[in-house]
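In this text the structure is predicted, and so the values were computed from the model without any measurement. Below, chains carry the letters A, B, ... as their sequence lines are ordered, and counting in each starts from 1.
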Amino acid sequence: MDRLSSYLLPTEKEDPADAEALSHRLMVRAGLIRQLGAGFWSWMPAGWRVHNRVTSIIREEMEAIGGLEMLMPVLMPAEPWIKTGRHDIPELFRLKDRKSADLVLAMTHEEAVTTHAAQLIRSYRDLPLILWHMQIKERDEPRPRAGVLRTREFIMKDAYSFDRDEAGLAESYEKHVVAYDRIFDRCGIEWYRVESDVGMMGGSAAHEYMAPCAAGENEVALAPGYAANVEIATAQAQAVDLAASSTEPAKVATPGLTTIEQVSASLGLPAGGLLKAVPVMAGGTFTVAVVRGDHRLNEIKFANAMGVDVRQATADEIEQNLGPAGSIGPVGTDVPVVLDSAVSAEHDYVVGANEADTHLSGVRPGRDFSFTQADIRSVEAGDLVGGQPITIEPAIEVGNIFKLGTRYSEALGANFLDESGRQQPIVMGSYGIGPARIAAAAVEQRGSDRGIDWPASLAPWDVQVLALGKSDSRELEVATRIAQDLQDAGAEVLLDDREASPGEKFADADLVGCPIRLTVGRKGLEKETVEVQVQGAEKTDIALATAGSEVAAIWKSLS
RNA sequence: CGGGGCGUGGCGCAGCUUGGUAGCGCGCUCGCUUUGGGAGCGAGAGGUCCUCGGUUCGAAUCCGAGCGCCCCGACCA
């Protein structure tokens, strides 16, 4: 049992001055976390209890799928990072020791675990294997934000699977799907498993676990039976009324009109009747990506579809290859054009003429310019998947699972001998979870201005017992006895035994947000009752004599 | 990296325009009263006004440089 009179729970009446996100404000106000610098956060005692509850759930489920817990260092030699080509990632903290040896602070542990695998795994008989640990990660983030949502140092559960082939990897991957589904369910947060980008470095499949909430940094596209990160989501575009057919393009004067909105308003056309030409450098080649005027280019989908790295072209590169920005287009140029799949080759569009203050109308893809077609746009809310409109929601990434393949095992020489004595690279997967983000997501999803409303499985304590009245009063004596009964029944209990006014105790209890609150006050004691408030339910009075066992029963029914 | 904002007791803020004794609320300490929704009265403690440099008789205030923090965007293996 924890007694508030001798605990450190630094609650605040007011929001921290610079906090915006709900979870940031509430976790500070409830005395759970404190900041040490940009992206550096300490967990105060009550907050650490929450973190520990999350990690306990993760540990149980990782053990349930046969994962072996270990611990690898944060500070490590740079060499394996050089070998895997990740030593130059801007987010990686690099440093030297007193002998000038190159070291790094690990931002994840593929390099470390694969180095061990290379030493220790010899035979197919050693496989499959799942190794994991709960360890600090260091990342030099360009912009830490929103309390513990994006920090430069954080604890991550990262697991790595080792298999002899793709079929084995598929099994290990599926085990993690099962474990992760259970972890996020048990943590009591709302979540989606979404398809996600595998990145330029390969890998055959990846999913992210996303917790929807206002402070989310990612966007997920959702429809019945469909969930994907907007980075890779694909859907059927909404129809648009298109211009009547023409025989050839015609110049249209558009003085001073450079945006899609201006041009479409001026011509009385829907934005979808225009084509937007986005100049990019694709694998070093100047290329024009063309999407409908009401759509946006998705650089990740473009890169995945074309199999090259992509970035926006600079003003100089545009000027050099096409003409003035603001009215660029695909007609009459020999620059390669990638046309989005939502653009019809059967209809006419308005495009920039590569000439100042001029557009072309009646332009038909194929007839008037040649192109490669691919799905390169970001989906929009209302687009269809399986005939159902999608919605787009912000979400926090709380976990991810990734089929790595042999990228790391090949780079670091992690091989095994198969039955025929042939050396093969180990097929790997990696699987991460951010416990701090789970806690923050729970606060985002269930918090209010008044305080946090923890899921029963994550609350810092199961029951908070408020002893109103003075410290030598019968209230405290009774409250202490009930708190002891509850603890004996297995509950984790916080007893507010401070010399403080009732209002202050209620306000702090609201902030901390335990699933059960028990109030022992004079009003109740006169009737030989105490007041119980279960999260989301009305207050009720229960008999003093049986309070301990009754509340214990309620507590058990919650978990 | 681009844009915007902010740095004054533990927390939230005013003061800066127009230079002249550093203030308010909360919190904290002590005493008395009070105890079912952040109590009342009284007495106190606590500040290199982010740092450095400049202007000035005199700088929280004006000027310059730097540092730190927040928000938006870009980025995020």
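Distance A/D496 CG to B/rG38 P: 15 Å, rounded to the nearest Å. Nucleotide B/rC71 holds its P atom 7 Å from the CG atom of A/D18, rounded to whole Å. To the nearest angstrom, P of B/rA14 lies 12 Å from CD of A/E14. Spacing between atom CG of A/D158 and atom P of B/rA77 amounts to 16 Å, rounded to whole angstrom units. Residue A/R143 contributes atom CZ, which lies 8 Å from atom C1' of B/rG73 at whole-angstrom precision. The CD-C1' distance, from A/E12 to B/rC13, rounds to 14 Å in whole Å.
Here A/A467 lies out of heavy-atom contact (under 4.0 Å) with every strand. Across all strands shown, A/R25 has no heavy atoms under 4.0 Å from either base or sugar-phosphate atoms. A/D15 comes within 4.0 angstrom of the backbone, heavy atoms only, and of no base. Across all strands shown, A/E110 has no heavy atoms under 4.0 Å from either base or sugar-phosphate atoms. Base engagement by A/E499 is indicated by at least one non-hydrogen atom pair under 4.0 Å involving a base atom. Within the nucleic acid shown, A/R34 has no heavy atom closer than 4.0 Å to any nucleic acid atom. Residue A/G37 is in sugar-phosphate contact alone, with no base atom involved, counting any heavy-atom pair closer than 4.0 Å across all strands shown. Counting any heavy atom pair closer than 4.0 Å across all strands shown, A/A19 reaches no nucleic acid atom.
Look at A/R522 and you'll find a side-chain N or O under 4.0 angstrom from OP1 or OP2 of B/rG36. Between B/rA77 and A/R407, no contact under 4.0 Å exists linking OP1 or OP2 to a side-chain N or O. For A/R145, no side-chain nitrogen or oxygen approaches OP1 or OP2 of B/rC69 to under 4.0 Å.
When both pairing distances are held under 3.5 Å, B/rG53 makes a Watson-Crick or G-U pair with B/rC63. Nucleotide B/rG47 has no partner under the Watson-Crick or G-U criteria, as no pair reaches both atom distances under 3.5 Å. Pairing for B/rA22 is absent, judged as Watson-Crick or G-U wobble with the two contacts each under 3.5 Å. With a cut-off of 3.5 Å on both Watson-Crick or G-U wobble distances, the partner of B/rA39 is given as B/rU33. The pairing partner recorded for B/rC1 is B/rG73, the criterion being a Watson-Crick or G-U wobble arrangement whose two distances lie under 3.5 angstrom. Base pairing of B/rG27 is not made with any nucleotide, judged by Watson-Crick or G-U wobble geometry with both donor-acceptor distances under 3.5 Å.
Out of B/rC75, B/rC71, B/rU35, the shortest distance to the side chain of A/H24 is found at B/rC71. Closest to the A/P502 side chain, of the nucleotides B/rG37, B/rC69, B/rG38, is B/rG37. Closest approach to the A/K470 side chain among B/rU35, B/rC70, B/rA77 is made by B/rU35 (side chain taken as heavy atoms from C-beta onward). Taking the side chain of A/E91 as heavy atoms from C-beta on, and the options B/rG37, B/rC69, B/rC76, the nearest nucleotide is B/rC76.
Using atom C1' as the reference point in both B/rA22 and B/rA60, the two lie 8 Å apart (nearest Å). One C1' atom belongs to B/rA74, the other to B/rA65, and the distance between them is 28 Å to the nearest Å. Between B/rG3 and B/rU18, the two C1' atoms lie 32 Å apart (nearest whole Å). The C1' atoms of B/rG12 and B/rG27 are separated by 11 Å, rounded to the nearest whole Å. When the C1' atom is used for both B/rC24 and B/rG15, the distance is 10 Å, rounded to whole Å. Rounded to whole Å, the separation between the P atoms of B/rC57 and B/rG2 comes to 40 Å. Taking the P atoms as reference points, B/rG20 lies 15 Å from B/rC63, given to the whole Å. A gap of 27 Å separates the C1' atoms of B/rA77 and B/rC71, to the nearest Å.
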| query | A/Y7 and A/W461: ring-ring contact (aromatic ring centres under 6.0 Å, His included), yes or no, with the steps? | reply | CA-CA 13 Å; A/Y7 205 78; A/W461 294 274; 5.3 Å; yes
request  = Output, in order, the C-alpha distance, side-chain angles, deciding distance and verdict of side chain to side chain contact (heavy atoms under 4.5 Å, CB included) for A/V551 and A/I482.
outcome  = CA-CA 9 Å; A/V551 175; A/I482 298 175; 5.5 Å; no
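Taking the six-membered ring for Trp and thresholds of 30 and 60 degrees, A/H51 and A/W43 have ring planes more than 60 degrees apart, a perpendicular arrangement.
The pair A/E91-A/K137 does not meet the salt-bridge criterion, since no charged nitrogen lies less than 4.0 angstrom from a carboxylate oxygen. Salt bridge annotation for A/K83-A/E111: absent, with no cationic side-chain nitrogen under 4.0 angstrom from a carboxylate oxygen. Checked for salt-bridge contact, A/R86 and A/E110 meet the test: a charged N lies under 4.0 Å from a carboxylate O.
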